[in-house]
K.L.:
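Below you will find the structure I want to go over with you.
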2 protein chains.
Amino acid sequence: MPVVDTRQSAGEKLNARPDDQRKDIHNSDVPLLCRSCEARHRGICGVFNAEELTEFARHTRRVNHASGEELIGEAAGIDSYATILRGVVKLTKTLKDGRQQVVGLQLAPDLLGRVFGEESRLTAETVTDVELCKIPRKTFESMLAADSDLEHRVLLQTLRELDEARDWMVTVGRKTAPEKVASFICFIATHFHPTAALAPGKSVSFDLPLTRADIADFLGLTIETVSRQFTRLRTDGVISIAGNRHIEVADLERLRARCG
Amino acid sequence: MPVVDTRQSAGEKLNARPDDQRKDIHNSDVPLLCRSCEARHRGICGVFNAEELTEFARHTRRVNHASGEELIGEAAGIDSYATILRGVVKLTKTLKDGRQQVVGLQLAPDLLGRVFGEESRLTAETVTDVELCKIPRKTFESMLAADSDLEHRVLLQTLRELDEARDWMVTVGRKTAPEKVASFICFIATHFHPTAALAPGKSVSFDLPLTRADIADFLGLTIETVSRQFTRLRTDGVISIAGNRHIEVADLERLRARCG
DNA sequence: CGCGGATTTGAATAGTATCAATACAGGTGG
DNA sequence: CCACCTGTATTGATACTATTCAAATCCGCG
């Protein structure tokens with residue numbers, strides 16, 4: 001079953017803080033680069049006022065990555081953190097013989113990088129074109145040590161990731177292949193296109209950010225099984241598929257009924 | 001593969017803070033209840049100096065629970081947090097038809113309860129006799145808001161839980177039944193009996209805190225399959241079993257070789 | 001010692017993986 | 001604009017792992 005997205009309530013919690021009005025008044029002083037940035041409101045840097053943001057932006061650097069690039073390798077040293085501005089990143093773990101498991105999906109405005117970790121315990125790889133706002137590791141860590149509001153936001157994101165990971169453990173560990181695939185489509189529909197979830201009865205359509213191979217690695221299945229389940233959902237009239245990636249869900253409730 | 005336990009380094013990080021010596025000088029002022037408490041050093045309350053601890057202890061209450069008791073129900077309101085002083089607690093999620101997945105195991109000195117969560121998204125159940133140090137929800141949350149060191153410790157625990165959850169996703173999603181069971185025994189040996197991990201070549205023995213049913217729910221298998229794999233490990237001479245629960249691992253490396 | 005729950009063992013079955021071949025989509029260059 | 005080409009996805013036949021159902025055995029405990 002899909003997670004309740006805590007981002008909304010997290011934002012409210014922070015916006016309720018007393019010093020927040022001041023931040024809004026200084027809106028016009030925010031760095032040019034940040035002014036149109038969505039992450040500034042919902043992401044990690046949302047805790048900063050104009051002054052802090054200027055200082056922060058001095059160290060950041062926007063970087064683009066094509067789909068399929070490895071951002072962080074397993075057991076690689078971490079030299080920077082990044083906020084995702086656009087696109088989707090998959091977090092994977094790989095066994096010695098090559099079997100792979102996707103352990104998380106991140107998108108704007110998530111923070112990328114395991115805080116307080118000496119080295120990465122997983123691989124981060126882009127699955128779409130991605131735009132990042134990078135900041136050097138040391139810089140971010142000292143800001144984190146100095147700013148407990150910033151650390152608070154990191155905690156909120158970490159808690160959300162933990163909730164999500166645990167939801168997926170149920171799906172991966174206890175659901176059947178048909179249920180897994182239905183759950184995956186539900187997950188994408190509700191998390192990547194939040195408006196969809198709010199229109200019960202209406203049809204929802206979107207592009208899957210992942211290949212069948214990625215979906216298989218996410219669900220602990222093979223590509224063939226994933227494909228067969230997509231076909232089954234299509235022939236049963238629960239979804240329609242256009243050009244492999246584009247999915248239209250006629251009725252989310254009917255899909256949910258198949259999630260176990 | 002087992003996680004590197006971050007508790008040690010977390011403790012060091014905090015102990016390195018400048019105000020820490022002061023805390024030690026006042027050791028004799030710590031509340032009687034806390035003085036012999038292991039959790040005070042490694043757990044959440046390790047951030048407090050004597051004064052703070054006295055204030056903290058004014059709100060806490062020690063509670064005992066027998067094995068098999070439900071501490072928090074799924075979708076139940078949370079009215080208190082607790083530090084585990086002794087015993088093991090399993091965190092589970094259940095599908096509508098009763099299929100269950102264990103999504104985490106907690107033991108002393110872990111904090112029990114999803115911070116900033118309106119209601120629990122999982123069930124917490126004791127699997128051994130358990131002793132808790134409970135504190136009312138509101139009290140703990142206001143301390144959390146006021147004390148960023150406390151929040152820092154919560155963040156460290158959350159990060160550790162996230163790492164662990166992701167490790168298990170690989171095991172549950174991508175390993176075979178024999179590998180899953182071997183991984184589980186390894187996990188218990190290294191996490192619940194940390195000294196064991198430090199004695200390569202030497203035999204390790206311990207009691208499993210979980211029943212076959214719990215292990216099955218943890219690994220996404222059936223009891224029968226778990227049992228068969230235990231038998232196989234026994235007949236292969238990798239482990240020996242006494243009275244169902246007691247396990248002796250002759251050579252951890254041989255067990256590790258079967259973890260995939 | 002005997003009871004009840006937990007565990008082990010066995011045989012049959014179902015579900016998913018594997019191996020192999022085909023079809024399709026999307027991009028490239030003529 | 002179309003034909004080609006490559007990587008991706010689908011489909012099919014078979015093998016195998018883990019589940020299911022059933023029965024026997026073991027363990028802890030009164």
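In what follows, chains are A, B, ... by sequence order, proteins preceding strands, each numbered from 1. Just so it is clear, the model here is predicted, and its values are computed rather than measured.
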K.L.:
Looking at A/R99 and A/D217, does any basic side-chain N land under 4.0 Å from a carboxylate oxygen?
P.N.:
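Looking at A/D217 together with A/R99, the answer is no, because their closest N to O distance does not fall below 4.0 Å.
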K.L.:
Roughly how many Å is it from CG in B/L219 to C1' in D/dA18, rounded to a whole number?
P.N.:
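Interatomic distance, CG of B/L219 to C1' of D/dA18: 13 Å.
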K.L.:
Please list, chain by chain and in numerical order, all residues satisfying ring-ring contact (aromatic ring centres under 6.0 Å, His included) with B/F192, sequence neighbours excluded.
P.N.:
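Testing B/F192 for ring-ring contact (aromatic ring centres under 6.0 Å, His included), a comparison that skips the adjacent residues, returns none.
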K.L.:
For DNA chain D, determine which residues of residues 227-241 of chain B have any heavy atom closer than 4.0 angstrom to one of its atoms, and list them numerically.
P.N.:
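Output list: B/R228.
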K.L.:
Taking only distance into account, with no hydrogens and no angle test, what donor-acceptor pairs under 3.5 Å do side-chain atoms of residues 83-91 of chain B form with protein atoms, sequence neighbours excluded?
P.N.:
unit_1: B/R86; atom_1: NE; unit_2: B/E131; atom_2: OE1; d: 3.4
unit_1: B/R86; atom_1: NH2; unit_2: B/N64; atom_2: OD1; d: 3.3
unit_1: B/K90; atom_1: NZ; unit_2: B/D214; atom_2: OD1; d: 2.6

K.L.:
Apply salt bridge (charged side-chain N to carboxylate O under 4.0 Å, His left out) to B/D207 and list each qualifying residue two or more places apart in sequence or on a separate chain.
P.N.:
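With neighbours one apart ignored, the set is empty.
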K.L.:
In whole Å, what is the span from the CG atom of B/L210 to the P atom of C/dT7?
P.N.:
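To the nearest whole Å, that distance equals 10 Å.
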K.L.:
Do any pairs count as a side-chain hydrogen bond (donor to acceptor under 3.5 Å, both in side chains) and have a residue in residues 226-245 of chain A, sequence neighbours left out, and if so which ones?
P.N.:
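Every side-chain hydrogen bond (donor to acceptor under 3.5 Å, both in side chains) pair that includes a residue of residues 226-245 of chain A, provided the two are not neighbours, is A/D236-A/R258.
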K.L.:
Taking NZ from A/K180 and P from C/dT16, how many angstroms apart are they, rounded to a whole number?
P.N.:
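Value for this atom pair: 8 Å.
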K.L.:
If I take atom NZ in residue A/K175 and atom C1' in nucleotide C/dG15, what distance separates them, rounded to the nearest angstrom?
P.N.:
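Result: 18 Å.
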K.L.:
Give one of base, sugar-phosphate or nothing for B/L221, where a contact means two heavy atoms less than 4.0 Å apart.
P.N.:
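Sugar-phosphate, no base atom in range.
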K.L.:
Which atom pairs link the protein and nucleotides 22-30 of chain D when you take only N or O atoms and keep those under 3.5 Å?
P.N.:
unit_1: D/dG28; atom_1: OP1; unit_2: B/G243; atom_2: O; d: 3.4

K.L.:
CG of B/L208 versus P of C/dT8: gap in Å, rounded?
P.N.:
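These atoms are roughly 10 Å apart.
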K.L.:
Under 30°, 30 to 60°, or over 60°: which ring-plane class applies to B/F187 and B/W168, parallel, tilted or perpendicular?
P.N.:
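Answer is perpendicular, since the angle exceeds 60°.
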K.L.:
Check this one for me: any side-chain N or O of A/T211 less than 4.0 Å away from OP1 or OP2 of D/dT8?
P.N.:
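So the side-chain polar atoms of A/T211 never come under 4.0 Å of the phosphate oxygens OP1 or OP2 of D/dT8.
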K.L.:
With no hydrogens and no angle check, is any side-chain donor or acceptor of A/R174 less than 3.5 Å from a backbone partner on B/L221?
P.N.:
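Flag set: sc A/R174 to bb B/L221 pair under 3.5 Å.
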K.L.:
Whole Å only: how far is the NE2 atom of B/H246 from the P atom of C/dT7?
P.N.:
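It works out to 16 Å between those atoms.
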K.L.:
In whole angstrom, give the distance that lies between atom CD1 of A/I223 and atom P of C/dA20.
P.N.:
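Taking CD1 of A/I223 and P of C/dA20, I get 15 Å after rounding.
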K.L.:
Over how many whole Å does the gap from B/R99 atom CZ to D/dA18 atom P extend?
P.N.:
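That distance rounds to 18 Å.
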K.L.:
Would you say A/K93's side chain and A/V103's backbone share a donor-acceptor pair under 3.5 angstrom?
P.N.:
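Not confirmed, A/K93 side chain does not pair with A/V103 backbone.
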K.L.:
Report yes or no: does A/R40 contribute a side-chain atom to a donor-acceptor pair with the main-chain N or O of A/C34 at less than 3.5 Å?
P.N.:
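Looks like yes, one N/O pair under 3.5 Å.
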K.L.:
Looking at every strand, decide which applies to A/G220 at a 4.0 Å heavy-atom threshold: base, sugar-phosphate, or nothing.
P.N.:
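Result for A/G220 = sugar-phosphate.
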K.L.:
Is any side-chain nitrogen or oxygen of B/T225 closer than 4.0 Å to OP1 or OP2 of D/dA18?
P.N.:
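No, outside the criterion.
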